[in-house]
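Remarks on the structure that follows.
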Amino acid sequence: MLSVSVDAGGRWGHLRTTRDWLQREGSVFHLVVDELHLYRGTEGTEVAYLLRLLLERLGLSPDHPKLRVLASSASTGT
């Protein structure tokens, strides 16, 4: 689903709305990645590419003050 959203060319209205919202004072974009430890190898590369593309579309960089990245993992022993 994310790949369709960020790779839709000019048809990404919901991302444009979010980008506009980020221009407002006090707005912070929270990116939550669940089960982060599972994204390795080719899958990890694809996820990294999609996240970079998403941030680019939103006008954010990894060190942007309006970006918070939260990674979680409830699994153990993997």
Side-chain angles (χ1 to χ4, degrees):
M1 183 70 172
L2 179 60
S3 61
V4 172
S5 295
V6 297
D7 203 25
R11 301 181 310 269
W12 46 281
H14 59 289
L15 292 179
R16 187 177 297 119
T17 302
T18 302
R19 186 178 185 148
D20 293 345
W21 170 78
L22 281 166
Q23 300 302 313
R24 297 194 325 214
E25 175 109 16
S27 59
V28 176
F29 184 78
H30 290 85
L31 175 63
V32 180
V33 183
D34 191 23
E35 298 296 338
L36 182 63
H37 71 281
L38 296 177
Y39 302 115
R40 298 180 182 160
T42 303
E43 291 172 342
T45 301
E46 184 175 350
V47 170
Y49 167 75
L50 289 172
L51 294 180
R52 279 191 214 103
L53 190 57
L54 173 64
L55 294 180
E56 179 184 310
R57 294 273 198 263
L58 294 175
L60 297 171
S61 61
D63 61 345
H64 198 285
K66 290 192 168 206
L67 175 65
R68 301 290 182 274
V69 179
L70 306 167
S72 69
S73 177
S75 303
T76 58
T78 314

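On a predicted model such as this, the values are computed, not experimentally measured, just so you know.
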(request) Identify, with sequence neighbours excluded, every residue that meets side-chain hydrogen bond (donor to acceptor under 3.5 Å, both in side chains) alongside Ser61. (result) Asp63
(request) For residues Leu22 and Leu58, report the shortest heavy-atom separation together with the two atoms involved. (result) CD1-O, 3.9 Å
(request) Return the minimal non-hydrogen interatomic distance between Gly59 and His64, and the atom names on each side. (result) O-CD2, 4.1 Å
(message) Quick check against the 3.5 Å criterion: does Arg19 have a side-chain atom that pairs as donor or acceptor with the backbone of Arg57?
(response) yes
(request) Specify the closest pair of heavy atoms between Lys66 and Arg24, including all atoms of both residues, with the distance to one decimal. (result) NZ-O, 2.7 Å
(message) With rounding to the nearest 0.5 angstrom, report the CG to OG distance, Asp34 to Ser72.
(response) 3.5 Å
(request) Apply side-chain contact (heavy atoms from CB on, under 4.5 Å) to Arg68 and list each qualifying residue two or more places apart in sequence or on a separate chain. (result) Val28, His30
(message) Within the structure provided, determine whether Tyr39 and Thr45 are in side-chain contact (heavy-atom separation under 4.5 Å).
(response) no
(request) Applying side-chain contact (heavy atoms from CB on, under 4.5 Å), name anything that partners Val69, two or more places apart in sequence or on another chain. (result) Leu31, Leu67
(message) Could you tell me if the side chain of Leu54 sits less than 4.5 Å from the side chain of Leu60, heavy atoms only?
(response) no
(request) Could you tell me whether a side-chain N or O of Ser27 sits under 3.5 Å from a main-chain N or O of Trp21, the two making a donor and an acceptor? (result) yes
